[in-house]
Amino acid sequence: MDRFEDGEVTMGGAPFNLTFQLHQLLMLSGYGEAVMVSRVGSDAWGQHILKRIQDARMSAEFVQIDPVRATGSANVFAHNGGAGFEIVPHVAWDAIERTDALQQLARRCDAVVFGSLAQRSEPSRETIQSFVAQVNGPRLYDVNLRRNTTDGVAGYSVEIIERCLELATILKMNDTELEEVASMLAVKSDLSPGEERIWSLVAALCGKYKLDMVAITRGERGALLMRGGERLRLADSSLPQDQVHPVGAGDAFSAGLLFGVVAGWDLSRCSELAETLSSWVVTHTSATPVFTPEIAERIQGILAKTQAELLAGAR
């Protein structure tokens, strides 16, 4: 649960934000479903989360219930023009258990998204890495380096990041995270700060870890994507910054990107869907707004246009 400064409490966490938006895309298109794997406490907030998942027409089958640990929570506040976090440790999602049902799910998945933070504890780390290794499809590592703003405690390590990159086929992070990851892994560039330096670091990571695609989000400065030898720069945001709510924007971007990859789209169409969805999410305080008729119509337009292009190319 995300607790905001104004007293609002909403469901959050990068994996759920992403899964929620991806599930909406899949329901809208009729392609399939997105399934959340996590763990909540046997408390009121845990019951709230399970109900919210079911209300969203998502399966709660793989959200485990911990009899001892509390449901995870984070305090979210404004910090230096962005979002600051204080993420409570030793909670239910730190102890996700590896089960036969999870192993079977991994083998059925067409794709998987995973991050760093839930791997801060050994039980969840072993479960997540085992699950990801069994998925025969795109494996998107959404880095999300989380360091408590209040005490500086990091929810990641060099070993975790390197293992995740070895498992991943797609890497997504922001430009600040790119610099930190590159420094941690001794990936270097002699270029001065700027876009060319980003491209060189991305190319180095692709070569070292055999990644199929890398996406670097840059807030109001758009995003940079590399897939094979193709580069794509997304335009700067035109939204007034005082109307932007950044929490969940990157998660929505990842959801749109992965949807396009699994559907077999080219890079420009993947990025169009990712940008459309993230630009809509930042206009909401919640990181998990329900699709309105307006955004659904825009997305369906992208789906129809892309499907027509795929059919034309197949002729």
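None of these values were measured; they are calculated from a predicted model.
Under the 4.5 Å side-chain heavy-atom criterion for grouping Ile, Leu, Val, Met, Phe, Trp and Tyr, V88 is not connected to L145 through any hydrophobic cluster. Cluster annotation: L22 is not connected to V132 through the hydrophobic network of ILVMFWY side chains, with a link wherever side-chain heavy atoms come within less than 4.5 Å. Residues W93 and L102 do not share a hydrophobic cluster, defined by chaining ILVMFWY side chains whose heavy atoms lie under 4.5 Å apart. Hydrophobic clustering of Ile, Leu, Val, Met, Phe, Trp and Tyr side chains at less than 4.5 Å, counting indirect connections, keeps Y209 apart from L140. Note on V290 and I295: separate hydrophobic clusters, where clusters join Ile, Leu, Val, Met, Phe, Trp and Tyr whose side-chain heavy atoms are under 4.5 Å apart, directly or indirectly.
Within a 6.0 Å radius of CG in D151, other residues, nucleotides and ligands contribute more than 12 heavy atoms. Within a 6.0 Å sphere centred on NZ of K208, heavy atoms belonging to other residues, nucleotides or ligands number more than 12. With a 6.0 Å radius and a threshold of 12 heavy atoms from other residues, nucleotides or ligands, R107 has its CZ atom above the threshold. More than 12 heavy atoms of other residues, nucleotides or ligands lie within 6.0 Å of CD in E5, so this atom counts as buried by the packing criterion. At most 12 heavy atoms of other shown residues, nucleotides or ligands fall within 6.0 angstrom of atom NZ in K210.
Side chains of R218 and L224 form a contact here, defined as non-hydrogen atoms less than 4.5 Å apart. The closest side-chain heavy-atom distance from M226 to W199 is below 4.5 Å. Side-chain atoms of P89 and R120, non-hydrogen and from C-beta on, do get closer than 4.5 Å to each other. When side chains are defined from C-beta on, V40 does not count as touching H48, because their heavy atoms never get closer than 4.5 Å. Side-chain atoms of T306 and D266, non-hydrogen and from C-beta on, never get closer than 4.5 Å to each other. Inter-residue side-chain proximity for T149 and E86 is flagged as unmet; no heavy-atom pair is nearer than 4.5 Å.
Screening D2, T10, I87 against V76 for a side-chain contact (heavy atoms from CB on, under 4.5 Å) leaves a single residue, D2. A side-chain contact (heavy atoms from CB on, under 4.5 Å) with V37 is found for one member of V63, I128, L105, T19 and no other, namely L105. Checking each of V143, T217, V202 against M173 for a side-chain contact (heavy atoms from CB on, under 4.5 Å) leaves exactly one that passes, namely V143.
F85 and F77 have their aromatic ring centers separated by at least 6.0 angstrom.
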Begin with the C-alpha distance, continue with both residues' side-chain angles, and end with the deciding distance and a verdict on side-chain contact (heavy atoms from CB on, under 4.5 Å) for Q64 and T99. CA-CA 10 Å; Q64 302 169 2; T99 65; 4.1 Å; yes

Let me see the working for L28 and Q300 under side-chain contact (heavy atoms from CB on, under 4.5 Å), right down to the final yes or no. CA-CA 8 Å; L28 189 65; Q300 286 173 324; 3.5 Å; yes

Under the salt bridge (charged side-chain N to carboxylate O under 4.0 Å, His left out) rule, what do D175 and R221 come out as? Steps first, then yes or no, please. CA-CA 10 Å; D175 48 357; R221 293 173 295 166; 2.6 Å; yes

Check step by step if salt bridge (charged side-chain N to carboxylate O under 4.0 Å, His left out) holds for E8 and R3. CA-CA 6 Å; E8 184 178 5; R3 304 171 186 272; over 6 Å; no

Mind running side-chain contact (heavy atoms from CB on, under 4.5 Å) on I161 and Y156 for me, showing each step along the way? CA-CA 7 Å; I161 292 172; Y156 54 92; 3.9 Å; yes

I'd like to know whether V35 forms a side-chain contact (heavy atoms from CB on, under 4.5 Å) with E33, so could you lay out the CA-CA distance, the side-chain angles of the two residues, the decisive distance to 0.1 Å, and finally the verdict. CA-CA 7 Å; V35 178; E33 65 175 329; 4.1 Å; yes

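The pair R233-E195 counts as a salt bridge, with a side-chain nitrogen and a carboxylate oxygen less than 4.0 angstrom apart. Salt bridge R197/E179: present, at least one basic N to carboxylate O contact under 4.0 Å. Comment: E272 engages R269 in a salt bridge, judged by a side-chain N to carboxylate O separation of less than 4.0 angstrom.
Rounding to the nearest 0.5 Å gives a distance of 10.5 Å between CE of M11 and CH2 of W45. Note that CG of L171 is 8.0 Å distant from SG of C206, once rounded to the nearest 0.5 Å. For the atom pair I49 CD1 and S38 OG, the distance stands at 7.5 Å (nearest 0.5 Å). Here I96 contributes atom CD1 and E126 contributes atom CD; the two are 12.5 Å apart, rounded to the nearest 0.5 Å. The line from CE of M1 to OG of S73 is 9.0 Å long, rounded to the nearest 0.5 Å. In this structure, OG in S254 is found 3.5 Å from CG in D142, a value given to the nearest 0.5 Å.
Considering all non-hydrogen atoms of both residues, N144 and E177 come closest at CA-OE2, 3.4 Å. For the pair L273 and I302, the tightest heavy-atom approach, listed with the atom from each and the gap, is CA-CD1, 4.2 Å. What you find for A34 and M58 is that their closest heavy atoms are O-CE, 4.3 Å. Residues S278 and A252 come closest through the heavy atom pair CA-CB, 3.8 Å. Looking at every heavy atom in both residues, L25 comes nearest to G256 through CD1-CA, 4.0 Å. Across every non-hydrogen atom of A263 and L310, the tightest pair is O-CD1, 4.4 Å.
Of the N and O atoms on the side chains of D43 and T71, at least one donor lies less than 3.5 Å from an acceptor on the other residue. If you check the side chains of S124 and D94, you find no donor sitting under 3.5 Å from an acceptor. Under the 3.5 Å distance criterion, with hydrogens and angles disregarded, no donor-acceptor pair is assigned to the side chains of R139 and T169. In summary, the side chains of R125 and Q119 do not present any donor paired with an acceptor at a separation below 3.5 Å, with no hydrogens or angles considered. Remark: the Q24 side chain and the Q21 side chain contain an N/O donor-acceptor pair separated by less than 3.5 Å.
With hydrogens and angles disregarded, no donor-acceptor distance shorter than 3.5 Å links the side chain of Q103 to the backbone of F131. Panel note: side chain S183, backbone E180; no donor-acceptor pair is recorded below 3.5 Å. A donor-acceptor pair is defined here as one N or O able to donate and one able to accept, closer than 3.5 Å; such a pair exists between the side chain of S271 and the backbone of S268. For the pair H23 (side chain) and R57 (backbone), a donor-acceptor distance under 3.5 Å is present.
In this structure, F20 and F16 have tilted ring planes: the angle between them lies in the 30° to 60° band. The aromatic rings of F259 and Y31 sit parallel to each other, their planes meeting at less than 30°, with 60° as the upper class boundary. By the 30° and 60° cut-offs, the orientation of the rings of F114 relative to Y141 is parallel.
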